[in-house]
Amino acid sequence: AAALDRPGALAESPRIALDTPSLKGSIALKGGRLDDVVLKGYRETTDANSPNIVLLSPASAPDPYFADWGWVPAAGTEIKLPDAQTVWTADKDKLTPETPVTLSWDNGQGFTFQRRFAVDNRYMVTVTQRVLRTAPGEPVTLHPYELVTRTNTPHTLGYYILHEGGRSEEHTSEL
């Protein structure tokens with residue numbers, strides 16, 4: 001399918017605003033992704049009227065680049081997990097350095113999944129995932145993951161990229 005323009009791609013999901021002294025953008029409630037980040041203090045060129053640099057964009061935008069989180073069940077585990085089509089509920093309508101935002105989703109099987117987004121005054125976004133058991137049952141093992149996805153080749157000015165992305169630690173949780 002043809003990519004939407006950036007405003008069209010942003011309009012595909014309800015959103016939680018992101019606003020710091022250094023960043024602006026939003027979190028998509030559909031999928032719970034961080035897929036809209038613009039650097040306030042940096043422009044595409046030295047021209048003062050040049051657009052601000054877009055760091056992250058939704059999957060259906062012309063240059064998709066986004067951060068995603070989730071869980072993978074252990075072998076043999078049957079549990080409904082959130083995915084790219086899941087619509088999350090937010091406890092606030094804006095993420096700022098003073099107000100973290102928690103997204104929640106109930107799978108209807110006795111588990112509530114949460115993603116807490118916090119941001120500092122500069123550029124650091126921290127996402128903490130939790131799974132809450134809301135009904136008794138057999139233990140379930142889930143493996144959390146985080147993934148930064150880019151499906152195009154970045155525009156460069158004669159340099160090579162050795163590594164692009166964040167640092168991850170593997171965690172396993174038994175509920």
Side-chain angles (χ1 to χ4, degrees), residues 1-4 6 8-20 23 25-37 55-61 63-120 123-152 163-175:
L4 298 172
R6 184 170 158 73
L10 291 170
E12 287 187 313
S13 172
R15 296 190 162 272
I16 299 301
L18 162 66
D19 189 24
T20 77
L23 304 171
S26 60
I27 301 166
L29 289 178
K30 183 178 179 183
R33 291 177 171 166
L34 181 58
D35 65 356
D36 173 29
V37 176
L55 186 60
L56 299 178
S57 278
S60 58
D63 293 314
Y65 193 19
F66 53 89
D68 200 1
W69 297 264
W71 294 267
V72 177
T77 301
E78 297 288 329
I79 184 171
K80 186 176 177 183
L81 297 172
D83 60 25
Q85 301 307 308
T86 299
V87 178
W88 296 73
T89 302
D91 66 345
K92 296 181 186 69
D93 61 357
K94 190 178 207 179
L95 172 61
T96 70
E98 295 79 29
T99 57
V101 171
T102 300
L103 305 186
S104 298
W105 177 72
D106 185 326
N107 76 348
Q109 298 175 325
F111 296 93
T112 298
F113 295 81
Q114 294 183 338
R115 290 184 188 149
R116 182 181 183 270
F117 290 79
V119 63
D120 68 10
Y123 306 100
M124 181 63 70
V125 178
T126 303
V127 179
T128 307
Q129 296 197 101
R130 289 184 356 161
V131 182
L132 306 173
R133 182 157 221 155
T134 57
E138 293 296 316
V140 173
T141 300
L142 301 175
H143 305 280
Y145 69 85
E146 51 193 49
L147 180 66
V148 177
T149 302
R150 172 180 256 162
T151 59
N152 64 319
H163 172 75
E164 206 173 77
R167 180 180 66 86
S168 177
E169 296 179 18
E170 185 175 325
H171 301 279
T172 301
S173 302
E174 186 175 292
L175 307 171

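- Contact detail for Asp68 and Gly31: the closest heavy-atom pair is OD1-O, 3.9 Å.
- Minimum heavy-atom separation, Ala84 to Arg33: CB-NH2, 3.6 Å.
- Nearest heavy atom pair, residue Ser104 against residue Thr112, reads CB-CG2, 4.4 Å.
- Heavy atoms from other residues, nucleotides or ligands lying under 6.0 Å from CG of Asp93 number 12 at most.
- Judged by distance alone, with hydrogens and angles left aside, the side-chain atoms of Gln109 form a donor-acceptor pair with the main-chain N or O of Lys80 at under 3.5 Å.
- A search for salt bridge (charged side-chain N to carboxylate O under 4.0 Å, His left out) contacts involving Asp19 returns Lys40, Lys94, not counting sequence neighbours.
- Atom OH of Tyr145 and atom CD of Gln129 lie 8.0 Å apart (nearest 0.5 Å).
- The aromatic rings of Phe117 and Trp69 sit perpendicular, their planes meeting at an angle over 60°, well past the 30° parallel limit.
- Closest approach of Ser26 to Leu10, counting heavy atoms only: OG-CD2, 4.4 Å.
- Considering CH2 of Trp105 and CG of Asp83, their distance stands at 7.5 Å, rounded to 0.5 Å.
- At a threshold of 4.5 Å between non-hydrogen side-chain atoms, the residues Val127 and Leu34 do not count as touching.
- A 4.5 Å side-chain heavy-atom check between Leu81 and Leu142 finds at least one atom pair inside the cut-off.
- Between the Arg116 side chain and the Pro100 main chain, no donor and acceptor come within less than 3.5 Å of each other.
- Ile79 has its side chain within reach of Asn107: a pair of non-hydrogen atoms, C-beta onward, lies under 4.5 Å apart.
- Taking CZ from Arg115 and CD from Glu146, the interatomic distance works out to 11.0 Å, rounded to the nearest 0.5 Å.
- For the side-chain hydrogen bond (donor to acceptor under 3.5 Å, both in side chains) test, residues two or more places apart in sequence or in another chain that qualify with Gln85 are Lys30.
- Separating the CD1 atom in Ile16 from the CG atom in Asp91 is a distance of 8.5 Å, to the nearest 0.5 Å.
- Residues Ser57 and Asp63 share a closest heavy-atom pair of CB-O, 3.5 Å.
- With rounding to the nearest 0.5 angstrom, the OG1 atom of Thr86 is 11.5 Å from the CG atom of Leu29.
- Asp35 places no side-chain N or O within donor-acceptor distance of the main-chain N or O of Phe66, the cut-off being under 3.5 Å.
- In this structure, the side chains of Leu18 and Val37 come closer than 4.5 Å at one or more pairs of heavy atoms.
- Using a 4.5 Å heavy-atom cutoff, the side chains of Glu12 and Pro58 are not in contact.
- Nearest heavy atom pair, residue Gln114 against residue Trp71, reads O-CH2, 3.9 Å.
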Determine, step by step, whether Ile27 and Trp88 satisfy the side-chain contact (heavy atoms from CB on, under 4.5 Å) criterion, reporting the C-alpha distance in whole Å, the side-chain angles of both residues, the deciding distance to 0.1 Å, and the verdict. CA-CA 11 Å; Ile27 301 166; Trp88 296 73; over 6 Å; no

